[in-house]
Amino acid sequence: MKRVLFAALLLCGCATAPQAQTPRWSIAIHGGAGVIERAELDPQTEVAYRAALTQAATTGGEVLKKGGSALDAVEAVIQRMEDDPLFNAGRGAVFTAEGRNELDASIMDGVTRKAGAVAGVTRTRHPISLARAVMEKSPHVMLIGEGAETFARTQGLEEVPPSFFFTERRWLGLERELRSRNLPIPPRPAGAPAPDVRSENAPLDERKFGTVGVVVRDAQGNLAAGTSTGGTTAKRWGRVGDAPVIGAGTYAQNGVCAVSATGTGEYFIRLSVARSICARIELKHERAQVAADAVIQRELTALGGDGGVIVMGANGESAWSFNTPGMYRARLVAGGTPVVAIYKDEP
Ligand code: ASP
């Protein structure tokens, strides 16, 4: 009898069919999308990015392993990436045309669909924590500039001088961008270190974006998403991109999906990219990968925008989609090891 059953299982392929298992927890991370190609990225820089992404995934994994919430994991990972000068968020953010670092961030809780966002902050060390405080400790969703910073003070969040965010590579990137646009180069910010002309300070290619984002499903099955950025190099007039716009750069809804985006923010706002992806999953029952590809590869591309997203499905299945040559990215599930990728041809 047993033999008959075994043969039947083999014949139908059931015995070898992979089990669609829901991981206990799952996390996906991006560190920006853009023109990231093997020929351009020197081996040392590539190793540094891979190590930073591995570390970011591990940080999230440690929170989730201990039963930490999706929100805690999002905040812990983004705080870490905001402190890492490799990424365009917190320290290492790009400069405005006036030579300032104006930081944007947002976070969303899939359980309650509460959200918090900040734009144009210049002194709060961790904009992601300020976004979370807006969500949890204020009746609002979005605060900007001076007001946001006043609120940060009432919450006891760490404040740093604006020069804390300064990096030579981003400054050189600004100078190059302004020269190409025939715009004046502002004086170096107060408190910035003396110019450093060593070769490792070659300007960062600004087409590599560098925004950071995290999507999580925790062991309780709750979803959360967060995004943090310095925006685009040489931005002017108080320009704000998609990162702090809920529904554009960030979205989370339990039972549906969590999304964080990176790319040319104006297009992501116009398409409500993050919410559109979740709506497709919710209403058309598309899988995360299908929904992400439909919005990024078709809608965003048709409009002329570039960039990408990471998506976390309700069951912990993550997906990424981007229409640029590369996107810094990583994923980790309970019991696994971090999977890190940069180029388009990597899985
Ligand atoms: N989306 C960000 C913005 O437009 C930039 C980026 O992702 O690199 O501000």
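Whatever order the structure lists ligands and atoms in, that order sets their numbers, starting from 1. Values below: all heavy atoms of this structure, side chains included; hydrogens, waters and symmetry mates excluded. Since the structure is predicted, the reported quantities are computational estimates derived from the model, not experimental observations.
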Side chain Arg331, main chain Ser318, donor-acceptor under 3.5 Å: yes
Contact atoms of ligand 1, heavy-atom distance to Gly241 under 4.0 Å: 4 (O), 9 (O)
Option set Arg239, His30, Lys235, criterion heavy-atom distance to atom 9 (O) of ligand 1, minimum: Arg239
Residues Asn323 and Asp306: side-chain donor-acceptor under 3.5 angstrom: no
Where ligand 1 meets Asp242 - atom numbers and elements under 4.0 angstrom, heavy-atom basis: 1 (N), 2 (C), 3 (C), 4 (O)
Atoms in ligand 1 with a heavy atom of Gly263 nearer than 4.0 Å: 1 (N), 2 (C), 3 (C), 4 (O), 5 (C), 6 (C), 7 (O)
Polar atom proximity, Glu266 to ligand 1 (N or O, under 3.5 Å): no
Arg275 and Gln253, any side-chain heavy atoms less than 4.5 Å apart: yes
Considering all heavy atoms, the nearest Ile246-Ile107 contact: CD1-O, 4.1 Å
Enumerated ligand 1 atoms positioned under 4.0 Å from heavy atoms of Thr262: 6 (C), 7 (O), 8 (O)
Presence of salt bridge, Asp72 and Arg132, under 4.0 angstrom: yes
Contact atoms of ligand 1, heavy-atom distance to Thr211 under 4.0 Å: 2 (C), 5 (C), 6 (C), 7 (O), 8 (O)
Contact check: Ala261 vs ligand 1, nitrogen or oxygen atoms, below 3.5 angstrom: no
Short N-O contact, Glu46 and Arg50, less than 4.0 angstrom: yes
